[in-house]
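Quick caveat: nothing in here was measured; it's all calculated off a predicted structure.
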Amino acid sequence: MEPEDAINVMGDPLEQCSTDPLTGFFRDGHCNTCAADQGSHTVCAVMTAEFLAYSKYVGNDLSTPVPQFRFPGLKPGDQWCLCASRFLQAHDEGCAPMVNLAATHKRALDIVPMRVLEQYDIKASEA
């Protein structure tokens, strides 16, 4: 499994998403991806209580720890490499989390339009 080029949605080098909790398809702290990443874990999302509840409701419980997989469970404020299709689904349902565009892999654009990602840019909301 060879990772694709580590380039973000803005065409710059991909920044780190999170090492605490450790995220990414490769569990390297980055939203790197490859052909084997069927879920396209490419969107660096900032968890919210609303999104975590939504994700659990649609069948992907991200808040409950799973110690055997060294998964601590996510809480609001944690950054996590989210599947691009789940992000788009949450957007369509009105509960998408904010995203760190600098840490979101360019492959996310295969699924999520840039104009949608920009609506959730955490850096723009801080300005």
Side-chain angles (χ1 to χ4, degrees):
M1 287 189 303
E2 187 68 27
E4 292 183 14
D5 291 341
I7 303 296
N8 68 28
V9 293
M10 299 174 295
D12 298 321
L14 187 67
E15 293 184 10
Q16 181 177 287
C17 183
S18 175
T19 57
D20 185 21
L22 187 58
T23 192
F25 181 76
F26 294 99
R27 288 299 189 264
D28 62 359
H30 292 78
C31 296
N32 285 309
T33 191
C34 67
D37 179 11
Q38 296 294 312
S40 188
H41 295 79
T42 51
V43 177
C44 182
V46 182
M47 297 296 104
T48 62
E50 179 184 33
F51 174 77
L52 289 169
Y54 170 75
S55 188
K56 186 174 184 176
Y57 174 75
V58 295
N60 188 18
D61 183 358
L62 296 172
S63 54
T64 301
V66 184
Q68 63 267 38
F69 293 112
R70 290 185 272 170
F71 178 69
L74 302 178
K75 61 189 181 314
D78 286 343
Q79 291 195 150
W80 191 251
C81 294
L82 192 61
C83 292
S85 59
R86 177 70 74 206
F87 174 83
L88 187 58
Q89 180 185 22
H91 162 73
D92 291 343
E93 296 290 332
C95 59
M98 299 301 285
V99 298
N100 179 343
L101 293 178
T104 296
H105 195 280
K106 68 178 181 178
R107 189 164 154 212
L109 297 173
D110 292 349
I111 298 168
V112 185
M114 185 64 172
R115 64 177 170 70
V116 172
L117 288 171
E118 288 173 333
Q119 292 176 41
Y120 301 93
D121 181 8
I122 192 76
K123 300 252 168 65
S125 73
E126 294 171 350

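For residues 29-49, the set of pairs meeting the side-chain hydrogen bond (donor to acceptor under 3.5 Å, both in side chains) definition, not counting sequence neighbours, comprises Asp28-Asn32, Thr33-Asp37, Thr33-Arg107, Asp37-His41, Ser40-Thr42. Residue pairs meeting the salt bridge (Lys or Arg N to Asp or Glu O under 4.0 Å) criterion with at least one member in residues 73-101, sequence neighbours excluded: Lys75-Asp78. The ring pair (Phe, Tyr, Trp, His ring centres under 6.0 Å) analysis of residues 70-107, with sequence neighbours excluded, yields the pairs Phe71-Trp80, Phe87-Tyr120, His91-Tyr120.
Partners of Asp5 under the side-chain contact (heavy atoms from CB on, under 4.5 Å) rule, at least two apart in sequence or in another chain, are Ile7. For the side chain to side chain donor-acceptor pair (under 3.5 Å) test, residues two or more places apart in sequence or in another chain that qualify with Ser63 are Asp61.
Linking Ile, Leu, Val, Met, Phe, Trp and Tyr whenever their side-chain heavy atoms come within less than 4.5 Å puts Leu101 and Met47 in one cluster.
Taking the side chain as every heavy atom from C-beta outward, Val99 and Val46 never approach each other to under 4.5 Å. In this structure the side chain of Asn8 never reaches within 4.5 angstrom of the side chain of Thr104, judged on heavy atoms. With a 4.5 Å cut-off on side-chain heavy atoms, Met114 and Val9 count as touching.
Residues Glu4 and Ala35 come closest through the heavy atom pair OE2-N, 4.5 Å. Here the shortest heavy-atom pairing between Gln79 and Cys44 reads NE2-SG, 3.8 Å. Minimum heavy-atom separation, Arg115 to Gln119: O-CG, 3.3 Å. Nearest heavy-atom pair, Pro97 versus Leu82, reported as atom, atom and distance to 0.1 Å: CG-CD2, 4.2 Å.
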Tell me which donor-acceptor pairs under 3.5 Å the side chains of residues 17-26 have, and how far apart each pair is, sequence neighbours excluded?
residue, atom, partner, partner atom, Å
Ser18, OG, Asp20, N, 3.2
Ser18, OG, Pro21, O, 2.6
Thr23, OG1, Cys81, N, 2.8

Pair up each side-chain donor or acceptor in residues 50-59 with any protein partner under 3.5 Å, not counting sequence neighbours, and list the distances.
residue, atom, partner, partner atom, Å
Tyr54, OH, Gln89, NE2, 3.4
Ser55, OG, Asn60, O, 2.7

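Distance CG/Asp121 to CE/Met10: 7.0 Å, rounded to 0.5 Å.
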